[in-house]
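Notes to accompany the following structure.
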Amino acid sequence: MTRHLITSAIPYINGIKHLGNLVGSQLPADLFARYQRARGAEVLFLCATDEHGTPAELAAAKAGKPVAEYCAEMHAVQAEIAKGFALSFDHFGRSSSPQNHRLTQHFAGRLADAGLIREVSEKQMYSNADGRFLPDRYIEGTCPNCGYDRARGDQCENCTKQLDPTDLINPRSAISGSTDLEVRETKHLYLRQSALKDQLDAWIDSKSDWPVLTTSIARKWLHDGDGLQDRGITRDLDWGVPVKKGDQDWPGMEGKVFYVWFDAPIEYIACAAEWTQATGRPDAEWERWWRTDKGADDVRYTQFMGKDNVPFHTLSFPATILGSGEPWKLVDYIKSFNYLNYDGGQFSTSQGRGVFMDQALSILPADYWRWWLLSHAPESSDSEFTWENFQASVNKDLADVLGNFVSRITKFCRSKFGEALPEGGAWGEAEEKLVADLTARIREYEGFMDAIEVRKSAAALRAIWVAGNEYLQSVAPWTTVKTDPDRAAMQVRMGLNLVRLYAVLSAPFIPQAAARMLGAMNTLDTEWPGDVAAALQALPAGHAFSVPEVMFAKITDEEREDWQTRFAGIRT
RNA sequence: GGCGUGGUAGCUCAGUUGGUGAGAGCGCCGGAUUCAUAACCCGGAGGUCGGCGGUUCAAAUCCGCCCCACGCUACCA
């Protein structure tokens, strides 16, 4: 049996994520995880919150809370929202977990032993008023190039010139506004990625089946300019994993923590350890997913992320793994996504622009969002969310094509035969043709799902729904019933079995609706249709069912206009 | 500036290594139907495949140049 390790890029802790974040990582990862489980594979699907770094500290300060407390609360909030979207994580961990502390320190120790860490002494801006070092972007001042007075220390947003914080005229802290800044000398650890460049390059070259978006970004970083650069993996912060060499102190690194991008991917591993602890399993259970010397050899590991995360997953994290010299599982496939835009602009967490996950759930069931987002996933290029498109797609696909199919067949059966599958009749040409047609379409759907072609999978699934409507239309049981009730009974049985089949096939996309369909069909049989003819006879004559409430209420023009207005501005 | 990704019907997008008259869904128009959430089903109109030039018997598909959009450019994550 295939074993699938699946991770979604871990969302940052400082607030609720928007739909663009969701569609780029957690949602497609969930689609794949649910599909693989449905196919009978053993799946471990992990996600977590990414909790370290300056933005978390600042968000906590703004909320007037200790950072640990803030993160714990936000983790609970994000976990609840994930549940609302029916994201089926086996564990939703935290990068601040003790497991991640230990593993991060362990990896750093191994890398140091391998000679892949070097110490660099550098100058950084220190704010006396804030009592902290400031990352470049948290220093503001006047651009020496264009005179823009809110240029950031890394780049001027007005003229796009790249800057060094010391270039700024009248620099000030973006946090407090204080101008009491000074340049201080500080020591940091750098991961010698450059030493692993050839190894990484060859590894990327071997991944000819990866999305171009993934490999092109990786190659750019490998080959651009002077090639892959070493990367600082420590920071002068309080909140994070204390710098240690394994369980030993690291002289000269007192009071420093690892850089969030060093410890965040390691959380993928630590999260598995959190999972075993949380579920009372022995350590060997997570090691058989992550250690190739302990059973992970036959694991297929797939990562999901937005394109901004690709460099860290294709280069930095693999450098950590390879550099450790230990038999950790490397990723087998990286599925990356472009951005989802919102009504002509970008979704923006910092600017509060767009629809956020909690807001989305407050106006419509998760399945509406899941279906639209997945069927419009930004795979080949950035895509755009508009309320008109959302309304039209959801109404047509979910309400008209799928929901109405369930409605018409269940109601017709109830009115002519009662609430149980009617007896009589035998399959004829139309049914054989339907089976052949569906078999081809289901095999196509499986192919797309296996390849993680999200939009194509959605289109294939939709075509399967349409086939049911075509069948009903062509055999017309409402006509047959007048002259040949046995034949009509057989046609209705077919229609009701289609409802169960659709529930099974659609569950990865719309799990809540699928559960309702199975409930209405009064069955727990979710077996994947290897043999379509058999699957369409799973519910026998005499099997009781019920007519479900409207599966998908349509989005009205009034609602759409209301939401359009309500979400046009900036979230406060 | 450099790099990357896109620019195919009104909209959202498919189009492996160049090869039968350029496709799908939505929208629109028409027809059929009445079981159903004014739903479903059938048919139709609609495109000089961003522009120019080149290679070729043959290019949306390869090459060059240009235009446009978006992204990245390495200590925000």
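Letters A, B, ... are given to chains in the order of the sequence lines, protein chains preceding strands, and every chain is numbered from 1. Only heavy atoms go into these numbers, but all of them, side chains included; no hydrogens, no water, no symmetry mates. Remember, it's a predicted structure, so these values are computed and weren't measured experimentally.
In this pair, Trp478(A) lays its aromatic ring flat on the base of C35(B), centres within 5.5 Å and planes under 30 degrees apart.
Taking every side-chain heavy atom of Leu228(A) into account, A74(B) is the closest of A74(B), C41(B), C72(B). The side chain of Ser383(A) lies closest to C13(B), out of C41(B), C13(B), A77(B). If you check A36(B), U37(B), C41(B) against the side chain of Asn404(A), the one that comes closest is A36(B). Side chain of Phe552(A), nearest nucleotide from U37(B), G27(B), U33(B): U37(B).
Both distances falling under 3.5 Å, in either a Watson-Crick or a G-U wobble arrangement, place C3(B) opposite G71(B). The base-pairing partner of A32(B), taking Watson-Crick or G-U wobble contacts with both distances under 3.5 Å, does not exist among the strands shown. Nucleotide A38(B) forms no Watson-Crick or G-U wobble pair with any nucleotide shown, as no partner meets the under 3.5 Å limit on both distances. Pair check for C76(B) finds none; no Watson-Crick or G-U wobble contact set falls under 3.5 Å. The pairing partner recorded for A24(B) is U12(B), the criterion being a Watson-Crick or G-U wobble arrangement whose two distances lie under 3.5 angstrom. For C65(B), the paired nucleotide is G51(B), the pair qualifying as Watson-Crick or G-U wobble because both relevant distances are below 3.5 Å.
In this model, the phosphate group of C13(B) is approached by a side-chain N or O of Arg455(A) to a distance below 4.0 Å at OP1 or OP2. OP1 or OP2 of C26(B) has at least one side-chain nitrogen or oxygen of Arg462(A) nearer than 4.0 Å. Between Lys554(A) and A39(B) there is a side-chain N or O to OP1 or OP2 distance below 4.0 Å. Taking 4.0 angstrom as the limit, Lys456(A) places a side-chain polar atom (N or O) nearer than this to OP1 or OP2 of G15(B).
One interatomic measurement links the two molecules: CG of Leu472(A) to C1' of A39(B), which rounds to 12 Å at whole-angstrom precision.
Note: Tyr502(A) and Phe405(A) have tilted aromatic rings, judged against thresholds of 30 and 60 degrees for the angle between ring planes.
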